Number of protein chains: 2
Amino acid sequence: MVEKKTIKLDDVAKLAGVSKTTVSRVLNNRGYLSDKTIKKVHDAMDELNYRPNVIARQLFKQKTNLVALVFPTVDNPFFAELEAELEKRFDQLGYRVLMGNSQNNPAKEQDYLKLLLNHQVDGLIVGSHNQGISEYQKTTRPIVSIERFVGKQIPVVSSDNYQGGLLAVQRLLNDGCKHIIHTNYPINLVSPNELRQQAYEDLMNKHHRKPITYSVSFDVSDEEKERVFRKMFQEHPEVDGIFADNDTNASLIIRVGKEFNRHVPDDLKVVGYDGANITRTLSPELTTIQQPIPEMATKAVELLLQLINGKTDVKSVTLPVRMINSTTA
Amino acid sequence: MVEKKTIKLDDVAKLAGVSKTTVSRVLNNRGYLSDKTIKKVHDAMDELNYRPNVIARQLFKQKTNLVALVFPTVDNPFFAELEAELEKRFDQLGYRVLMGNSQNNPAKEQDYLKLLLNHQVDGLIVGSHNQGISEYQKTTRPIVSIERFVGKQIPVVSSDNYQGGLLAVQRLLNDGCKHIIHTNYPINLVSPNELRQQAYEDLMNKHHRKPITYSVSFDVSDEEKERVFRKMFQEHPEVDGIFADNDTNASLIIRVGKEFNRHVPDDLKVVGYDGANITRTLSPELTTIQQPIPEMATKAVELLLQLINGKTDVKSVTLPVRMINSTTA
DNA sequence: GTGAAAGCGCTAACAA
DNA sequence: TTGTTAGCGCTTTCAC
């Protein structure tokens, strides 16, 4: 293979008959330059088809204009929409975005954290669900978390999970449901998920009903999830309302319900959670709680940029959710 | 704000009482080193909480171990699954992945191409749908395209679109459909989409039926798409079978069909295209043509790595599709 | 208006 | 087994 020599700034300088400094100035529109010089330099650049080496610039500036998004996977309507919205905003601000699919694997999450510490990215947005990663405590570099408690000093952008839980359960109660079950993922200390759970339990207790919860891990196969839901219908044939922790599970529950001859919404009502666009297109019948994904993205980007720019008192924020009324409840 | 001085290799060297070279060797496990030295260096690193600066290393090596994925958006089941699969594979090979959502905007696509030319990434996977970006012709750097013809010298990984078209249309014919319509996105020269169209037309002609196609742009709102589909039902009330160019459109068509009192599959049969996992979870009833997303990802990664490693005769590949039988056709 | 020179943090010949 | 030195390609003070 023919090794093409890389054209560097110095080559341009020589061809144009000026110094490296001048070429650099032309490149960055900085300082005083005569039109004649600018033209000469541009001509030389064109002739050589010069491409500045961004890495060299990054080394000097100690800044990469890169951020990483650490989420379990992008192959999920909520995360896909969130990451797309984040990318759109970062792009406008001149930042490139690294995809960090952690698969909920702590080791992978730690790898991405290292990127940050190794100065390969300027900041991190984390929305993964692993706990106990000690590096988060040690670093003072820019990190913003979404829907997840990571460490004292790391700001969190979340939607109002307690309110979301109330809306969902209240809807089922209003619909006349007597036996409402909640599905969630295994609760751990780092997730605001527990606020939905809390809202469910508070409202159930207030209405003197016994809260029943089934946990489904986030990252197992659909088949595995369906097994859990089958068990749920078997153990609780009286169930007439379900508050699912996400829309995918709501879909699966409706499907499994059919196996038990439950027709939605006549003899089973289901409220989902997330309300991503894709889900609403593919499952328009689903009644669900919509998280304000675009606003969450906007806020997370805003906070991360504050951190990158050296601001220290960056505050966590909670954004309101809303109910999407459709036909499953 | 307290400016923390960055710890560099030299600081470690001084503390450990050795040279930079030695520290670098310890860092990279290269060359001969006495255990004692290794320990000293590690101790110094720990004490200073040293983090190597990856950018400096990249500058020296002229390699970033970064690749960019240029697709219209990640917020779509097909692209989300494809990008997730690509990321998984690249990660295992030590490559990080940049998300390049082009929104089908040629300017954005060109920006990402520049990343490659500016040596910020080692390679590019493109699956966006813009044509006429001349840079593709000029560069000899590593690019692999997915489901898209980009330039003579750029290898393409695609699924068998002609076969997919045949399967879909044949299914509708077998189901007894007499008036089959195909929806696609506006055909341009760079898309293998036209092969599906071709299969549809060939099969229709063979059965002496008139092919009718409605085009829906990829990146307009669901509302806009539904408008087109309404028009379709109005202009062709006789339609009894639809071969949609993707599952989302299939979903929308089924929904719009309901407005016209068409019940699927009794008086309207619909076959979708893509068969991504999310879609199958959220719309399990959909009969569709499944693209082999994981295999496409595997192949694309394989080809890109060959290019990155200097191989020149990298060949395009076509992978088989299969039918997912469900209840909409 | 322009240039010389130092240096961003790391690696790898080449020496010792 | 370890150290010296010269870059990787760019930017920026400081001098003219």
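This is a predicted model, so every value here is computed, not measured. Residue numbers begin at 1 in each chain, while the letters A, B, ... track the order of the sequences.
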- prompt: Rounded to whole angstroms, how far apart are CG on D11(A) and P on dC10(D)?
  reply: 9 Å
message: Looking only at side-chain N and O atoms, does T64(A) offer a donor or acceptor that is under 3.5 Å from a partner on D122(A)?
response: yes
Flag for E109(B)-Y136(B): side-chain donor and acceptor within less than 3.5 Å: yes
task: Apply side chain to side chain donor-acceptor pair (under 3.5 Å) to the pair R89(A) and T298(A), showing each step before the final yes or no.
output: CA-CA 7 Å; R89(A) 286 161 180 70; T298(A) 301; 2.7 Å; yes
field: Terminal helix-axis angle for the helix from dG1(C)-dC16(D) to dA16(C)-dT1(D), with five pairs defining each axis and rounding to 10 degrees
entry: 40°
query: Of D35(A), D43(A), T37(A), which meets side-chain hydrogen bond (donor to acceptor under 3.5 Å, both in side chains) against K39(A)?
result: D43(A)
- prompt: Think R25(A) forms a cation-pi with Y32(A), using NZ or CZ under 6.0 Å from the six-ring centre and within 45 degrees of its axis?
  reply: no
Within 45° cone of Y112(A) ring axis and under 6.0 Å: R96(B) NZ or CZ: yes
- prompt: Does E147(B) offer a backbone N or O that forms a donor-acceptor pair with the side chain of S158(B) under 3.5 Å?
  reply: no
query: Side-chain N or O of T37(A) less than 4.0 angstrom from OP1 or OP2 on dT2(C)?
result: yes
- prompt: Does dT2(D) have OP1 or OP2 sitting under 4.0 Å from an N or O in the side chain of S34(B)?
  reply: yes
task: Please assess S159(B) against Q291(B) for the test side chain to side chain donor-acceptor pair (under 3.5 Å), listing each intermediate value before the final yes or no.
output: CA-CA 6 Å; S159(B) 64; Q291(B) 302 206 56; 2.7 Å; yes
query: Taking protein heavy atoms under 4.0 Å as touching, what does nucleotides 9-16 of chain C look like 5' to 3' if B marks base contact, S marks sugar-phosphate-only contact and - marks none?
result: BBBBBB--
